[in-house]
Amino acid sequence: ASPAYLARKGTPRSPADLLAHDWLASDMLGGGILLLDEKGEAHKIKPKPRVLCNNVLPLRQFTLAGQGISLQPEGEIEEDIATGRLLVLLPGFLAPPMEIHAITPQREIPEKARRVISALRIHFSEHGQSRLP
């Protein structure tokens with residue numbers, strides 16, 4: 001969340017507190033949000049979204065503008081967190097890794113496609129966690 005949003009609405013201290021906040025959601029989350037605490041225990045919540053979008057880029061812009069709280073890939077918001085434009089919420093919780101599948105039109109995967117898949121594996125393994133700003 002942005003500092004301006006938190007100044008207006010307060011800072012959630014637990015996953016359940018998120019239910020009282022303006023939630024900016026990706027339609028990929030569908031059935032709610034699963035957060036894992038430091039012990040690996042699951043906490044599932046289903047906040048009602050203020051904004052529902054199929055792309056994380058506009059969600060990040062809404063979050064930066066102080067419109068609510070969103071779940072963002074950590075690698076995408078590193079600079080925003082480092083500069084203080086966004087603040088990490090619930091630091092003891094993480095979203096579980098999201099599965100991504102590469103689908104090709106044929107069984108034999110061309111070398112170019114293999115290289116792209118390999119690069120994506122490396123990228124997502126480096127930037128795989130999601131945090132609540």
Side-chain angles (χ1 to χ4, degrees):
S2 72
Y5 174 84
L6 296 175
R8 279 193 333 273
K9 300 284 191 162
T11 301
R13 303 282 178 219
S14 72
D17 292 347
L18 294 172
L19 297 172
H21 283 269
D22 296 326
W23 187 249
L24 309 173
S26 166
D27 61 0
M28 292 171 39
L29 294 176
I33 302 160
L34 179 67
L35 297 173
L36 303 175
D37 65 22
E38 293 168 334
K39 298 175 186 172
E41 293 180 31
H43 302 261
K44 187 164 184 170
I45 59 167
K46 196 169 184 177
K48 182 179 177 190
R50 176 179 183 194
V51 172
L52 186 62
C53 189
N54 65 358
N55 188 316
V56 295
L57 296 177
L59 289 179
R60 186 167 89 219
Q61 294 305 314
F62 285 128
T63 307
L64 286 164
Q67 299 301 307
I69 295 173
S70 64
L71 181 66
Q72 296 280 323
E74 192 169 8
E76 299 292 329
I77 58 170
E78 285 173 328
E79 185 178 323
D80 295 321
I81 291 170
T83 61
R85 289 186 300 254
L86 291 177
L87 301 173
V88 174
L89 304 179
L90 306 177
F93 294 85
L94 287 176
M98 179 194 294
E99 289 186 11
I100 297 176
H101 302 271
I103 300 171
T104 61
Q106 65 243 67
R107 275 185 194 263
E108 295 298 320
I109 302 172
E111 183 60 29
K112 287 181 186 179
R114 270 192 220 140
R115 289 182 186 184
V116 168
I117 292 168
S118 177
L120 289 171
R121 262 194 195 118
I122 292 167
H123 173 78
F124 287 118
S125 69
E126 292 172 355
H127 304 289
Q129 296 295 335
S130 292
R131 294 201 179 268
L132 288 167

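Since this is a predicted model, take the numbers as computed values, not measurements.
- Other residues, nucleotides and ligands place more than 12 heavy atoms under 6.0 Å from the CD atom of Glu111.
- Hydrophobic clustering places Leu35 together with Trp23 (ILVMFWY residues linked when any side-chain heavy atoms are closer than 4.5 Å, directly or through intermediates).
- Distance CG/Leu64 to CG/Asp80: 4.5 Å, rounded to 0.5 Å.
- Between Ser2 and Leu86, the closest heavy-atom pair is N-CD2, 3.9 Å.
- Put simply, Ile109 and Val116 are part of two different groups of oily side chains (I, L, V, M, F, W, Y) that touch within less than 4.5 Å, one to the next.
- A distance of 7.0 Å separates CD of Glu108 from CZ of Arg114, quoted to the nearest 0.5 Å.
- With rounding to the nearest 0.5 Å, the separation of NZ in Lys112 from CD1 in Ile117 is 14.5 Å.
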Fill in: Intermediate values then yes/no, side chain to side chain contact (heavy atoms under 4.5 Å, CB included), Asp22 and Gln67
CA-CA 7 Å; Asp22 296 326; Gln67 299 301 307; over 6 Å; no
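- Here the shortest heavy-atom pairing between His21 and Lys9 reads CE1-O, 3.5 Å.
- Panel note: side chain Arg60, backbone Ile77; no donor-acceptor pair is recorded below 3.5 Å.
- Hydrophobic clustering keeps Leu18 apart from Leu36 (ILVMFWY residues linked when any side-chain heavy atoms are closer than 4.5 Å, directly or through intermediates).
- Residues satisfying the side-chain contact (heavy atoms from CB on, under 4.5 Å) test with Val51, not counting sequence neighbours, are Leu24, Leu59, Phe62.
- For the pair Leu71/Ser26, no side-chain contact is recorded, criterion being any heavy-atom separation below 4.5 Å from C-beta on.
- Neither Leu19 nor Leu34 shares a network with the other; the hydrophobic side chains, linked directly or stepwise wherever heavy atoms of I, L, V, M, F, W or Y lie under 4.5 Å apart, form separate groups for each.
- Closest of all the heavy-atom pairs between His43 and Phe93 is CD2-CE2, 3.5 Å.
- A pairwise comparison of heavy atoms in Gly84 and Leu87 identifies O-CD2, 4.4 Å as the closest pair.
- Shown here for Pro91 and Val88, the closest heavy-atom pair between the two residues is CA-CG1, 4.5 Å.
- Both Ile33 and Tyr5 are members of a single hydrophobic cluster when ILVMFWY side chains are connected at heavy-atom separations under 4.5 Å.
- Residues Ser70 and Thr63 approach most closely at OG-OG1, 2.7 Å, considering heavy atoms.
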